Protein chains: 2
Amino acid sequence: MKTQTNPTIYTLAEKAGVSAATVSRALNNDKLINIKTRRQIQKMAEKEGYKKSPLARNLSLGRTGVIAALLPSINNPIYTYLAAKILERAQERNYSVFLNYSEDSMEREKKILNSFSNIQADGFIIFPSFSDRHEKCLKKLNRPVVIRGSVSGKCPFNAVWIDFHKGAYEATEYLIKQGQKNIRYMGFAGAVSCGDERPSGFIKAMSGNGMKSPYKNIIDTGFNIESAYRTALKFLSQTKPDALLIQSDYLAFGVLRAIGELKLRVPEDISIISFDNIEFSNYGTIPLTTMSQPFDEQAKLLVNTLLSRINNETLPVVHKKLDMKMILRSSVCKKIRNK
Amino acid sequence: MKTQTNPTIYTLAEKAGVSAATVSRALNNDKLINIKTRRQIQKMAEKEGYKKSPLARNLSLGRTGVIAALLPSINNPIYTYLAAKILERAQERNYSVFLNYSEDSMEREKKILNSFSNIQADGFIIFPSFSDRHEKCLKKLNRPVVIRGSVSGKCPFNAVWIDFHKGAYEATEYLIKQGQKNIRYMGFAGAVSCGDERPSGFIKAMSGNGMKSPYKNIIDTGFNIESAYRTALKFLSQTKPDALLIQSDYLAFGVLRAIGELKLRVPEDISIISFDNIEFSNYGTIPLTTMSQPFDEQAKLLVNTLLSRINNETLPVVHKKLDMKMILRSSVCKKIRNK
DNA sequence: GTGAAAGCGCTAACAC
DNA sequence: GTGTTAGCGCTTTCAC
């Protein structure tokens, strides 16, 4: 019972009395090989506990078997969740994923993007969070890329994104229908420069309802939860809007802290709708009404389009927009006006 | 300006008029190579945009360059955060990480563990969440393992864990000092079987203060946030304890929803301490007092001990216990008794 | 239908 | 101090 080294196609070949090439073909279920020998070899491999070496395989195939991903943040669960789903999908297809997070700095985002040309990956998944001016950089990669974010029709890369414009529009309309008048949008202003269409959806709904200067109703929270908290604390101690539309559930939790400190009640004093439908949004003191984005479908789409492109570089570029769904919970109420 | 294939040690060797072996050595900064030629080759590699192929390197070195990890859950941010930190540390050392989540099923945990013997990895990081009876299974792996969880002194694997016992003890003592009397512990009972020492710390503190039958004060919430919510809703509509000690911030958010629905206030009606110090615990309507566990240090320790072991299998087994720190926030108050 | 042999890009034992 | 060579485990072209 000695510790023996793992079986390889050579040891199998020897045992089976055939060549290594035959074993290789048989294990890849190559139709060229006689069905009987094929089965026989497969059975024997199974029995010997044979495991393909991805390393050797990939080296031989001239690929790396890794896809590199750039995501915005480690703290917002939507991204770690998406990352986990991307991982799962990729692992199913025998790819591994090299994860990177830009966190809250444009410099870091650029740096990582540049470092991507040093890392050999078969393809890239990019969530731009500070700038959409990455084209030259991504072109230099010289490898398939899929962007998670809205792009113009002529963008040469695959892209999948969420219809935040429509989502924000619907959410705002809903608030208005509930009798809310003084509504503010809160979010990271920098996101607009890389295709965040929530503000524009908000503005469209507000102007459509005859409200003046909706642009002034947009408040920059900064990128992270702490800055959202601080901004909200300052803002809400001066102003008492009826309702808030918040860029993400994540930032909403920052705002909620400010609301709690100011002894305001949700939704009686202030209604809230946010975006994403992270698991936490359904828990905590007040379950949040939110615009849900599809997780599994999105992750699947991201890795599938990328892998198809990797395996066939001549495929046409695909741009795919996904819809949101409103999840009604307890953070919005009907506004009763007594005047 | 044609698309040329990447430089290899061979193309470099040719250009430099030396052998490939020399290039390889120079790039590994091997002292054997004349310092001048070394620098020269390094410079040229830089200039030509040479990138080492990890595939070829690892194949040659007879390793895979991957470490496989089994974590409990994709939803509790503490694990995704820890995962991200583990990833970072591993990437620094040129290892990639194969992540797996057992989610809420013992079957899945077992299945993944078994599948680990099929995946060639250089080492394993295991967070047991349902059972600690994995020894035979882990032994079969025949590779270095580090366990994140408490183990007995004779456990043959590396392990690092958090001193939850002490943490729970201190948290409970603190509640008692604040005048809380009727205190309950809520958490996933199944965790005890794999070394969760929070309940025992809680019991020790409670009995030490002369409270009778502290065992009855332990409530099983199940594994996930939804079951924690349901359990709390049922429990709290019948009983009104002074304070709750909750196994994790994550589960606390489930409990908070129940508290919110029952129109109870934190901390006026009920005080709360939980564990982990995830980012969310500092936000939401009420910032949570929590027992913080070290993230960065933990991740570093996990991958460092594993990698040392991988590179030197004769190293002694290390068991390392990490301390918690109490983070005072707003979910606990002094209990004023009027009687 | 199967085998021989070269090649993927690197490392390391051995020779000089 | 540097070169030669074999080898890591697989795929695939070309022969037979």
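Every chain is numbered from 1 and lettered A, B, ... according to where its sequence line falls, protein lines coming before strand lines. From a predicted model like this one, the values you see are computed outputs, not experimental measurements.
Rounded to an integer number of Å, the gap from B/Asp30 CG to D/dG3 P is 13 Å. D/dC10 atom P lies 13 Å from atom CD1 of A/Ile41, rounded to whole Å. Separating the CD atom of A/Glu14 from the C1' atom of C/dG3 is a distance of 15 Å, rounded to the nearest angstrom. In this structure, B/Ile9 atom CD1 and D/dT4 atom P are separated by 13 Å, rounded to whole Å. When the C1' atom of D/dT12 is taken as reference, atom CG of A/Leu27 falls 15 Å away, rounded to whole Å. The distance between atom CD1 of A/Ile33 and atom P of D/dT12, rounded to the nearest whole Å, is 13 Å. In this structure, A/Asn58 atom CG and C/dC10 atom C1' are separated by 15 Å, rounded to whole Å. Per the geometry, CG belonging to A/Asn6 stands 8 Å off P belonging to D/dG9, to the nearest Å.
The base of D/dG1 does not come close enough to the side chain of B/Arg38 for any donor and acceptor atom to sit less than 3.5 Å apart. Below the 3.5 angstrom threshold, one finds no donor paired with an acceptor across the side chain of A/Tyr10 and the base of D/dC8. Put simply, the side chain of B/Arg63 and the base of C/dT11 share no donor and acceptor less than 3.5 Å apart.
Residue A/Thr8 places its side chain closer to D/dG9 than to any other of C/dC10, D/dG9, D/dG3. Of the candidate nucleotides D/dT11, D/dT4, C/dT2, D/dT11 has the atom lying nearest to any side-chain atom of A/Leu61. When distances are taken from the side chain of A/Leu59 to each of D/dT11, D/dG9, C/dT11, the shortest belongs to D/dG9. Which of D/dT11, C/dG9, C/dA4 sits closest to the side chain of A/Arg25 comes down to C/dA4. Each of D/dG9, D/dT11, D/dT2 was ranked by its minimum atom distance to the side chain of B/Asn34; first place goes to D/dT2. Side-chain proximity of A/Lys52 to C/dT11, D/dT11, C/dT2: nearest is D/dT11.
Contacts of B/Ser53 with the nucleic acid, taken as non-hydrogen atoms under 4.0 Å apart, involve only primed sugar atoms and P, OP1 or OP2. Residue B/Asn28 is in sugar-phosphate contact alone, with no base atom involved, counting any heavy-atom pair closer than 4.0 Å across all strands shown. Contacts of B/Lys36 with the nucleic acid, taken as non-hydrogen atoms under 4.0 Å apart, are absent. Among the heavy atoms of the strands lying under 4.0 Å from A/Lys51 are primed sugar atoms or P, OP1, OP2 only; no base atom is included.
At least one donor-acceptor pair under 3.5 Å links the side chain of B/Asn311 to the backbone N or O of B/Leu307. Side chain of B/Thr22 to main chain of B/Val18: no donor-acceptor pair is present (N/O by atom type, distance under 3.5 Å, no hydrogens or angles).
At D/dT11, one or more side-chain N or O atoms of A/Arg57 fall inside 4.0 Å of OP1 or OP2 (strictly under the cut-off). Within the 4.0 Å cut-off from OP1 or OP2 of D/dC10, not a single side-chain nitrogen or oxygen of A/Ser24 is found. Note on A/Ser19: every side-chain N or O is 4.0 Å or more away from OP1 and OP2 of C/dT2. Checking the phosphate oxygens (OP1, OP2) of D/dT12, no side-chain nitrogen or oxygen of A/Ser60 falls inside 4.0 Å. Taking only side-chain nitrogens and oxygens, B/Tyr50 comes nearer than 4.0 Å to OP1 or OP2 of C/dC10. At C/dT2, one or more side-chain N or O atoms of A/Thr37 fall inside 4.0 Å of OP1 or OP2 (strictly under the cut-off).
For the residue pair A/Lys52/A/Asn28, the side-chain donor-acceptor check at 3.5 Å is satisfied.
Side-chain contact between A/Pro144 and A/Asn158 is absent, with no heavy-atom pair separated by less than 4.5 Å. Taking 4.5 Å as the limit, every side-chain heavy atom of A/Arg309 sits out of range of all side-chain heavy atoms of A/Val146.
A salt bridge is defined here as a Lys NZ or Arg NE, NH1 or NH2 lying under 4.0 Å from an Asp or Glu carboxylate O, and A/Lys85 with A/Glu88 meets this definition. A salt bridge does not link A/Lys140 with A/Glu135: none of the charged nitrogens is closer than 4.0 Å to a carboxylate oxygen.
Mapping B/Ala56 and A/Ala20 onto DNA chain D by nearest heavy atom places B/Ala56 at the nucleotide closer to the 5' end.
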